[in-house]
Structure formats: C-alpha cells, structure tokens
Colleague: 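One structure coming up, written as structure tokens, with questions to follow.
In listed order, ligands and their atoms are each counted from 1. Remember, it's a predicted structure, so these values are computed and weren't measured experimentally.
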Amino acid sequence: MEDQTWKTSRAWRELDLDALRHNARLLEEKLGADCRLMAVVKADAYGHGAVPVARALAEQGVTAFAVACLAEGAALRRAGVEGTILVLGYTPPEEGAELVRWRLHQAVADEAHAAALSALGLSLPVHLALDTGMHRLGIPWEDREAVRRVCRLPGLRLEGTFSHLCAADSPAAEDRAFTRGQLERFYSTVAWMEAAGISPGAIHIQASYGILQLPPQPCAYGRAGIALYGVASTPPRAEEWRDLRPVLSLRARVAALRTLEAGEGAGYGLAFRCGRTTRLAVVTVGYGDGLFRTLSQNGGQVLLRGRRCPMVGRMCMDQLLVDVTDLPEAAVGDVATLIGSDGGAELSAEEVAARCGTITNELLTRLAGRLPVLETGQKVNSQWS
Ligand SMILES: *Cc1c(COP(=O)(O)O)cnc(C)c1O
C-alpha cells in the first residue's frame, strides 16, 4: 500500500468508514423494507471525499448515489463506482452526450430543460423533478398538462419522479403542516401519473430530515446526505440523530511553540495581545483548508492531548495560533484536533458550525480541496518534527 505517512505531516481529514457504514445501515432501517438508500455524495461527499465514501458504501451494498453535477458523476464513474448515479442539479443540454457517456441519470429541472434534452435525440434516463412548494427546481406539481407533455417527449426515459422537502428539519407546527402538504401534493401527482398511464419510475422525496423525522414512506429511495455523515445540520441533535456516528475528523500539527511576554502581540494586525506570559502553539491548518477565518476570534478551540485550548488572533491561510499556556506538555509534532475526538474530549461539527454562524453542511463541504483524506486506523506518523 502507498506510504501514507506524509499525508499526516500537516493537516488532514480522517474518515471513520465503520461509522459511515453504521449510519448507512441505520438509515436503511429507518427507510423501511421496500425503500433503499440513495447516498448523496455531492460536493465531494460534503467534504469527506466522494470516492472513498462511495466505494465504502458500494462495498456494503449501496447501489444508488446522487451528485450535484455532471463532473461529480463522471469522477465517480472514473473511480469505478457502479450503480445508479443521479445528477440532482441542472446540466446544460449541450452536455447531454456526456451524461450518456458516463451512464448518469439526470434530473429534469423544468419543461424547457426537458424539451432541450429531448431535442438532442439521445436516449437519456431522467428523473422528473416536481415542485411541491420549495420553488427551486421542478415542474409545478399542479401543472398536469406540463407533466404529461414532458413525459411524452421522445429521447427521455423516465426512470424516476421526485420532489424535495424544504422545511422537514423544523419542529414548528406550521412547518410540519407544510411538509404534510408537500407529501400530499407529491403522492397525488404520482397517483395521477399512474392513472394516466405514465409510469413514474422510482419515486423519492425524503432527504436526511425527512428520513429521520417521518414514518417510512411508500418510496423507492430516500436521499440521505448530512445524516450519512453522522451529524445534524444544526444543534441540538434531536433524539432520532443520537445513534448516528460522526464520520469526519479534522486534524493538524503543532509546528512551533513560542513564549510571549505580557503585553506582546501575535499574528496579523497583532490582533492577539497577551495579558500574561503566554505560550503559543502554531497549528498547521488555516482558512486555505476551508476553515472559517472568523472562527479564531469567535471562541474557536482545538483539542491537544485531550484538552480544549483556545485559538487566538487572526487565523492565517495555512496556520493558526493557539494559547497553550495551561498545557505545558504541548510539544512540536503534537496532533491537534479541529473537529472530532481526542482522548475523552470532543469538538463536534455541530459545535464548530454554530461558532461559525452556519450549518454543518457548509462547515464540512468547505473542507473539500487541499486536505488529504485518510481512513481511521491508517498509520499516522508520530515521529514528525
Ligand atoms: C442535497 C440534497 C439532498 C440531501 O440533503 P441532506 O439534508 O443533506 O440529506 C437530497 N435531495 C436533494 C434534491 C438535495 O439537493
């Protein structure tokens, strides 16, 4: 196997693939007997790495995946991922031939999109998006004539019909009622299609919150993204989320230690000023890796040797400063945890996202890019210095 040790010399994403498989099993159970998991691996699997995530899920029997765009679907195929891959977002009709080449299913954004895809003269597998209230993509559910026209277009093979719930994460009574309304509009359109002799194909409407909050639905798929990665979009974690296990940890290194006299400043703009003799650790991760630059001045913390230590000053592109005055054992080469567990301590993605004023979906997707991906259990070089 490839020597992985260099990957842990600076900063990395660590994937607990056992946790991922556990979450997938749990979601499959929630979906019920006839409904299968469609794993949403868009945006590099929410920053986890689409290829290792899809491969691990495929090994355990997951056969359907969803991505945001053509390029993401093609990347999975190039990596050898089989099964159904649905492109949820808009693909320009000019790129229709690439959809066929990579054997991707395409969501139909609206009637004009459908007509343009049809005009290519290909045999394109599509999923009809129905707008049941979110008003993002889809044909308005009540426009039966538009549904009929789209389903009659030559060159499109209707493999599925779906919609998206836009308030399923909210416990408020009015949002629950809105979700019930979306479900009714969806199933009534599906029933009308069947009565009109149009096979809707595989139907699907739930995303993570819909899977966890609703009873099993009469669908072919549930499309899980964030729940698959073991975190809720926003805290607090509701009861249904308790058994899910976080998949990603974000780790970096202590590159250097500095002692400052009381009154000295550190970092850009000398934004940190110490009121006492202070020992600073320089940690090898920054906003260039996807962290929010504001985190270090909004109470951000890192775990070192199982203890929480505060970030100080302005975060840099590739580094950040941590006050380790109360952790005299801190040493160059120590592994710092930005998201995840270390010893008995944990910095959850939910907690960090809340400090950044965002949802975990955004916190995690921003980690796609520079950081190498390792599986938990792969050798981490402890001799680094
Ligand atoms: C992103 C997305 C999902 C997954 O949503 P989660 O809340 O992360 O589970 C499902 N369906 C569609 C259409 C999406 O765009």
Colleague: Output the distance between atom CG (Leu321) and atom SG (Cys316), rounded to the nearest 0.5 Å.
Modeller: 6.0 Å
Colleague: In terms of side-chain geometry, is the basic nitrogen of Glu329 or Arg305 positioned less than 4.0 Å from the acidic oxygen of its partner?
Modeller: no
Colleague: What about Ser208: any of its N or O atoms under 3.5 Å from an N or O on ligand 1?
Modeller: yes
Colleague: Which of the numbered atoms in ligand 1 are below 4.0 angstrom from a heavy atom of Arg136?
Modeller: 13 (C), 15 (O)
Colleague: For atom CZ of Arg258, is the number of surrounding heavy atoms from other residues, nucleotides or ligands below 6.0 Å larger than 12?
Modeller: no
Colleague: Applying a strict 4.0 Å limit to heavy atoms, is Tyr46 in contact with ligand 1?
Modeller: yes
Colleague: Closest non-hydrogen protein atom to atom 12 (C) of ligand 1, residue and atom name please, with distance?
Modeller: His164 CE1, 3.4 Å
Colleague: Measuring from atom 10 (C) of ligand 1, which candidate in Gln206, Met134, Arg223 has the nearest non-hydrogen atom?
Modeller: Arg223
Colleague: Do the side chains of Lys30 and Asp243 get close enough for a salt bridge, i.e. N-O under 4.0 angstrom?
Modeller: no
Colleague: Would you say His127 contacts ligand 1, with heavy atoms under 4.0 Å as the rule?
Modeller: no
Colleague: If the threshold is 4.0 Å, N to carboxylate O, is there a salt bridge linking Arg370 and Asp318?
Modeller: yes
Colleague: Checking the N or O distance criterion of under 3.5 Å, is ligand 1 in contact with Ala207?
Modeller: no
Colleague: Tell me the protein heavy atom at minimum distance from atom 14 (C) of ligand 1, and give that distance in Å.
Modeller: Lys42 NZ, 3.0 Å
Colleague: Give yes if a backbone or side-chain nitrogen or oxygen of Ile226 is under 3.5 Å from a nitrogen or oxygen of ligand 1, and no if not.
Modeller: yes
Colleague: Looking at CG of Leu99 and CZ of Arg101, how far apart are the two atoms once the value is rounded to the nearest 0.5 Å?
Modeller: 11.5 Å
Colleague: Measuring from atom OG of Ser233 to atom CG of Leu363, what distance do you get when rounded to the nearest 0.5 angstrom?
Modeller: 11.5 Å
Colleague: Between Met38 and ligand 1, which residue portion shows a heavy-atom distance shorter than 4.0 Å: side chain, backbone, both, or neither?
Modeller: neither
